[in-house]
Amino acid sequence: MDATNIRTEQAESTDIQQDVLTFLDNQTKRSWGPEADLFAAGGLSSLFAMQLVVFLEQTYGIAIRGKDLRLDNFRTVVNMVALVERLRGDR
């Protein structure tokens with residue numbers, strides 16, 4: 001993989017991360033860091049987790065099913081970015 005492809009992948013990861021952080025900030029009226037444990041911090045309920053699933057599916061054209069619905073995939077923004085990239089085949 002050449003340097004151009006690496007930069008493109010990094011830019012996409014950064015864009016996804018910013019989209020998710022903006023969604024979280026708007027929905028919860030709090031600021032979150034990419035590594036913050038959203039569930040441990042009391043930021044998310046199981047209902048909100050489902051809203052996150054719908055947001056990710058609609059925004060990135062992916063389907064989150066079965067084993068991908070594990071809580072750990074939604075615990076941090078970094079984990080959500082990795083899930084989106086994996087389901088889109090970016091990695």
State the CD1-CG distance between I64 and L56, to the nearest 0.5 angstrom.
5.0 Å
Looking at M80, is its backbone amide N or carbonyl O close enough to the side chain of N73 to form a donor-acceptor pair, meaning the two atoms are under 3.5 Å apart?
no
Classify the angle between the aromatic ring planes of F55 and F23 as parallel (below 30°), tilted (30 to 60°) or perpendicular (above 60°).
parallel
Would you please test L52 and Q27 for side-chain contact (heavy atoms from CB on, under 4.5 Å) and show each step?
CA-CA 10 Å; L52 262 175; Q27 296 297 313; over 6 Å; no
Using atom types as modelled and distance alone, determine if a side-chain donor or acceptor of N79 lies under 3.5 Å from a backbone N or O of D72.
yes
I need the F39 CZ to T76 OG1 distance, nearest 0.5 Å.
10.0 Å
Within this structure, what is the OG1-CD1 distance for the pair T59 and I16, rounded to the nearest 0.5 Å?
10.5 Å
Is any side-chain N of the basic residue among E35 and R75 closer than 4.0 Å to the acidic one's carboxylate O?
no
Tell me whether L71 shares a hydrophobic cluster with V81, the cluster being built from Ile, Leu, Val, Met, Phe, Trp, Tyr side chains joined at under 4.5 Å.
yes
Nearest 0.5 Å, what's the CG-CG distance between D19 and L24?
11.0 Å
For the residue pair Q18 and T22, confirm or rule out a side-chain donor-acceptor distance under 3.5 Å.
yes
Distance from F48 atom CZ to F74 atom CZ, nearest 0.5 Å?
12.0 Å
So, taking the atom named OG in S45 and the one named CD in Q51, what distance separates them when rounded to the nearest 0.5 Å?
7.0 Å
